[in-house]
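All values reported here derive from a predicted model rather than from experimental measurement.
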Amino acid sequence: MDLTVYGATSVINEIKSDDIELYINLSDLADGEHEVEVQVNGPQNLTWSLQKEKVKVRISSAS
């Protein structure tokens, strides 16, 4: 997923891919299709924007 990062050039130049984590929280969701927000963990001295802020997921119980 594309992520645009904003901040001081000196800070941006030091970022590694391991410094930013994208994730979705699926806890408390039942079976079915859901649209969930993408969460970002990263350095606090930066801001960012996502190309897509939500993704669709389908949850089904394994039998």
Without swapping roles, check the side chain of D19 against the backbone of K16 for a donor-acceptor pair under 3.5 Å. yes
Verify the cluster assignment for M1 and V5: are they in a single hydrophobic cluster under the rule of side-chain heavy atoms below 4.5 Å apart? yes
Value rounded to 0.5 Å, distance of CG in L46 from CD1 in I15: 4.5 Å
Under 3.5 Å, side-chain donor or acceptor atoms of residues 31-41 against the rest of the protein: list the pairs with distances, not counting sequence neighbours.
from: D31; atom 1: OD1; to: S61; atom 2: N; distance (Å): 3.4
from: D31; atom 1: OD1; to: S61; atom 2: OG; distance (Å): 3.1
from: D31; atom 1: OD2; to: S61; atom 2: N; distance (Å): 3.3
from: D31; atom 1: OD2; to: S61; atom 2: OG; distance (Å): 2.7
from: E33; atom 1: OE1; to: R58; atom 2: NH2; distance (Å): 2.7
from: H34; atom 1: NE2; to: A30; atom 2: O; distance (Å): 2.6
from: N41; atom 1: ND2; to: E21; atom 2: OE1; distance (Å): 3.0

Correct closest heavy-atom pair for W48 and P43 would be CZ3-O, 3.5 Å
d(D2 CG, K52 NZ) to nearest 0.5 Å is 11.5 Å
Given the rule that I, L, V, M, F, W and Y join up when any side-chain heavy atoms are under 4.5 Å apart, are I59 and Y23 in one cluster? no
